[in-house]
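Everything below concerns the one structure shown next.
In what follows, residues are counted from 1 in the order of the sequence shown.
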Amino acid sequence: MNRYGFFKRIGCFSIDRQNPRSAVESLNYGIEWLKTPENSLIIYPQGKLENPAKPIKFETGIGWMSQRLPDCTDVVPIIQHAHQMHDAKPSLYIRLCPAIDPALLSGTKEHITQNLQEITRSEFEKLVHISSEKEPGFKKWF
């Protein structure tokens with residue numbers, strides 16, 4: 001992040017999970033970032049980039065943040081799945097899901113995290129199923 005300073009201007013930041021105070025400061029930074037109209041924030045709630053084919057396990061920071069977001073904030077899962085099934089080149093499928101019902105973003109941070117994890121897992125399974133069909137019905141961009 002220090003090497004490429006432009007990342008901060010587009011809302012990218014890291015979280016040092018080894019330092020609880022620093023982690024809370026980073027999460028608060030994300031909340032403040034979202035208070036500006038038109039800003040968006042993309043997070044990896046499992047805490048790291050990893051193959052989503054593994055069981056999805058979220059860290060509770062996403063639940064903690066969700067409790068503190070402005071009411072006008074939409075939480076929208078973006079699911080991706082890459083595989084090499086239909087062509088010699090790998091394909092990347094991306095699903096922009098509907099905004100999550102705010103009622104699912106209430107309760108304890110553990111409860112919210114569990115809800116988000118289940119929604120994301122379900123949406124990922126849908127994307128895998130659709131992309132695995134012989135003729136997925138998606139328009140190829142290239």
At their closest point, which heavy atom of [X] faces which heavy atom of [Y], and how far apart are they?
X: Y93; Y: L127; result: O-CD2, 3.6 Å
X: Q80; Y: F124; result: O-CE1, 3.7 Å
X: P77; Y: P98; result: CD-O, 3.7 Å

Give a yes or no on whether the backbone of [Y] and the side-chain of [X] come within a donor-acceptor separation of less than 3.5 Å.
X: D74; Y: V76; answer: no
X: W33; Y: S40; answer: yes
X: Q117; Y: F58; answer: yes
X: T108; Y: H111; answer: yes
X: T120; Y: L116; answer: yes
X: Q67; Y: S106; answer: no
X: S22; Y: N19; answer: no

Nearest-0.5 Å distance that lies between atom [atom1] in [X] and atom [atom2] in [Y]:
X: C97; Y: I79; atom1: SG; atom2: CD1; result: 4.5 Å
X: R17; Y: E59; atom1: CZ; atom2: CD; result: 4.0 Å
X: R121; Y: K57; atom1: CZ; atom2: NZ; result: 9.5 Å
X: R95; Y: I78; atom1: CZ; atom2: CD1; result: 12.5 Å
X: R68; Y: N28; atom1: CZ; atom2: CG; result: 7.5 Å

| said: Pairing donors with acceptors under 3.5 angstrom, does anything connect the side chains of Q114 and E118? | reply: yes
| remark: Across all chains, not counting sequence neighbours, the side chain to side chain contact (heavy atoms under 4.5 Å, CB included) partners of L104 are I100, D101, N115, I119
| task | Check each of I112, L105, I62 against V75 using the side-chain contact (heavy atoms from CB on, under 4.5 Å) test, and report the only one that passes. | result | L105
| said: Using the rule that Ile, Leu, Val, Met, Phe, Trp and Tyr join whenever any side-chain heavy atoms are under 4.5 Å apart, tell me whether I94 and L96 fall into a single cluster. | reply: yes
| request: Group every Ile, Leu, Val, Met, Phe, Trp and Tyr by side-chain heavy-atom contacts under 4.5 Å, then state whether L41 and V24 land in the same group. | output: yes
